[in-house]
Amino acid sequence: MSSATFSNPSLYLSTTTTTTAHSPSPSPPPPTPPSLLALRPADLAGLITESTSLRRVRELHAAALRSGHHLHPIVNFRLQRSYARSSSSSSDLDRSLSLLRLTPQPNVFFFTASIHSLASHGRPLDALLLFSRMLSLSVPPNAFALSAALTACPLHPGRALHALALKLSLVPHDPYVATSLLHMYARAAHPAAARRLFDAMPRRRLVSATAMITCYAKMGDLARARRLFDETPHKDAVCWNAMIDGYAAHSSPRESLRLFRRMLASGATPNEGTVVSVLSAVAQLGSAAPGKWLHSYIKSDGSIRLTPKVGTALIDMYCKCGSLEDAVAVFHTVANKDVVVYNSMIAGYAMHGRSRDALELFARLCDRGLRPTDITFIGVLNACSHSGLVDEGREFFHSMEKDYSIEPKIEHYGCMVDLLGRAGLVDEAYELIRSMKIEPDTVMWGSLLAACRQHKNLALGENIANFLLSNGIANSGTYVLLSNIYAAVGNWEEVARIRTLMKESGVQKEPGCSSIEVGSKVFEFVVGDLSHPKSKEIYKMLEEMNGLLRDRGYVPQTELVLHDLGEAEKERALAVHSEKLAVAFGLISTRPGTTIKIVKNLRVCSDCHTAFKMISEIVRRKIIVRDRNRFHHFSEGSCSCGDYW
DNA sequence: TTAGGGTTAG
């Protein structure tokens, strides 16, 4: 439990109160109409309950203070409830808490409203403290107070609350308490404990089933989640969302999308949460057609507004589907943009290599008075890294701690290692890793290893690879990169040795896979794929392209081929890479002049990168490739990455 | 009175 999580426990935990604590508002109250001052407490209380805006509540609060009725128990309670219900800012919440403190003997209702407010405003530990304060004042808890305290409650105190619930005979019969406990175990990744509660409940309610489904889905146990989901009748949007989001969050975007279509067919009404989950699924797929369809669905459905959350998800989706223009258009339409909206747009610019735009947006974010977050800096550093902006990157990296008090995390170090490594400052990158207080991860080593290959730094590359191999933290990428490093310096004996080592240790390179969308259908290709019905035409086009490429001086980079093959076979192996097959298929099945969009699961191979630049010029078409790291926009013989990747 | 959804390097 970190003390930083407690916002200001002394505000309501202390029995002695200070002047400031008594004052509900630091600023002078607004002028009070004389008519309000003449009201009797009961009438004032009635007006407070009827008021629909926080502004009105504040006005009535001011009137209560002026007339001295603020200590009247009913007026006091109604004010507190109104603040607790509508508090959108922490100052409203604190106002509500100070009212609680003003009340001589608050009852359980009074406490519950505040506990609930704290818990639902991301202060679960403060909520728990207040709950324990209530117990210490001998106010008996009920189901309401207990379930409020359990909202967002962590496992350890949660277990104690479970015991208390048993003592009060609230479980398993009270559905609210039981479901709150179920949620608590679900958050703590204790599906077995959650399931025991669920099975003990006398009646299976939709909310509890949804909580259980969410629990399984969060754990990645999609099969169990789905079984319970299918067994649950009369599902509402939240229940559908739990399952749709489960698939989206565990790399099953197709299943997520399929379920969303079934949801629509079933007549259930999607809400904001649904579209946010489905948008993230579409972003993973990277296919523009379902994304566009979803966007028009949102626009046509009057009930789903373009809130910052929906906007963020849309921006992210468009960026990852290769349509930066649509993302920018959405960005400009979102009202009340928060920092997360900016973050998604900055990250979007970065992944498309539009570094200057990313940095400009960062400046605009600061101008608007928004505070950048750690994630903002990941986007910013990534932008620098993709364009070789070494000095800027260094500056941002230092500034995040110095000016914004954000301690760099492994992700930020990862960006810096990548930035320095790509720029050829391999030793500086290595020094940075060694200077870190955090343990480096394999990906970070991999990124440095890749830099060693790129800049032909054999000594350091070998050093790192041996370290990874002997410590058992090498992955298939380590072997491939090490082999590439030897190939780059022409040490073919070592290349052969690594290949044998790879075979012996049983590591296998993750198979590359490229997909392309044609006529709103997605086609996938692996290396040497022959499964497509149009395979013959695809290979014919490939051969034709190869001829044209050679005429322009293209030389296959056979040193990239890991297998022990003859030169001709190596060339053959390169020619049938999944991304080349996808582009060939695109060329034969789309109209001339249209953009070809490819999604690849790994980094685009450097030979394909060279080939695509030339192809874009030969056929006068744009080719957009999303690889594991970023986007490449090929056009007129060059790539948006400027060969810096 | 319950529940859930957005951004994240290589």
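Proteins come first, then strands; the chains are lettered A, B, ... in the order of their sequence lines, and each starts at number 1. Below, all heavy atoms of this structure are taken into account, side chains as well, without hydrogens, waters or symmetry copies.
Stacking of A:Arg258 on the aromatic ring of A:Tyr247 is not recorded, the 6.0 Å distance cut-off and the 45° axial limit not both being met.
Contact footprint of chain A on DNA chain B: nucleotides with an atom under 4.0 Å from a non-hydrogen protein atom, first to last in 5' to 3' order, B:dT1 to B:dG10.
Taking the salt bridge (Lys or Arg N to Asp or Glu O under 4.0 Å) definition, one finds that A:Asp230 meets it with A:Arg226, sequence neighbours left out. A:Glu431 meets the salt bridge (Lys or Arg N to Asp or Glu O under 4.0 Å) test with A:Arg434; sequence neighbours excluded. Partners of A:Arg603 under the salt bridge (Lys or Arg N to Asp or Glu O under 4.0 Å) rule, at least two apart in sequence or in another chain, do not exist in this structure.
Heavy atoms of A:His183 sit under 4.0 angstrom from primed sugar atoms or phosphate atoms, though from no base atom. Nucleic acid contact for A:Ser447: sugar-phosphate only, since backbone atoms but no base atoms lie under 4.0 Å from a heavy atom of the residue. Contacts of A:Ser180 with the nucleic acid, taken as non-hydrogen atoms under 4.0 Å apart, are absent. Using a 4.0 Å heavy-atom distance criterion, A:Asn241 is classed as a base contact. At a threshold of 4.0 angstrom between heavy atoms, the contacts of A:Asn271 include nucleobase atoms, whether or not backbone atoms are also involved.
More than 12 heavy atoms of other residues, nucleotides or ligands shown are found within 6.0 angstrom of CG on A:Asp199. No more than 12 heavy atoms of other residues, nucleotides or ligands lie within 6.0 Å of NE2 in A:His234, so this atom counts as exposed by the packing criterion.
Between A:Asp418 and A:Asn382, the side chains place no donor N or O within less than 3.5 Å of an acceptor N or O (distance only, hydrogens not considered).
Of the possible polar contacts, none joining the A:His173 side chain to the A:Met201 backbone as a donor-acceptor pair under 3.5 Å is found. Checking side-chain atoms of A:Lys235 against main-chain N and O of A:Phe229 turns up a donor-acceptor pair under 3.5 Å. Using modelled atom types, no side-chain atom of A:Ser385 and backbone atom of A:Leu381 make a donor-acceptor pair closer than 3.5 Å.
Near DNA chain B, meaning a heavy atom under 4.0 Å away, the residues from residues 317-334 of chain A are A:Lys320. For the contact set between residues 416-428 of chain A and DNA chain B, defined by any heavy atom under 4.0 Å, the members are A:Asp418, A:Arg422.
In B:dG5 the base sits syn relative to the sugar, since the glycosidic angle is no further than 90° from 0.
For the pair A:Ile438 and A:Lys409, the tightest heavy-atom approach, listed with the atom from each and the gap, is CD1-C, 3.9 Å.
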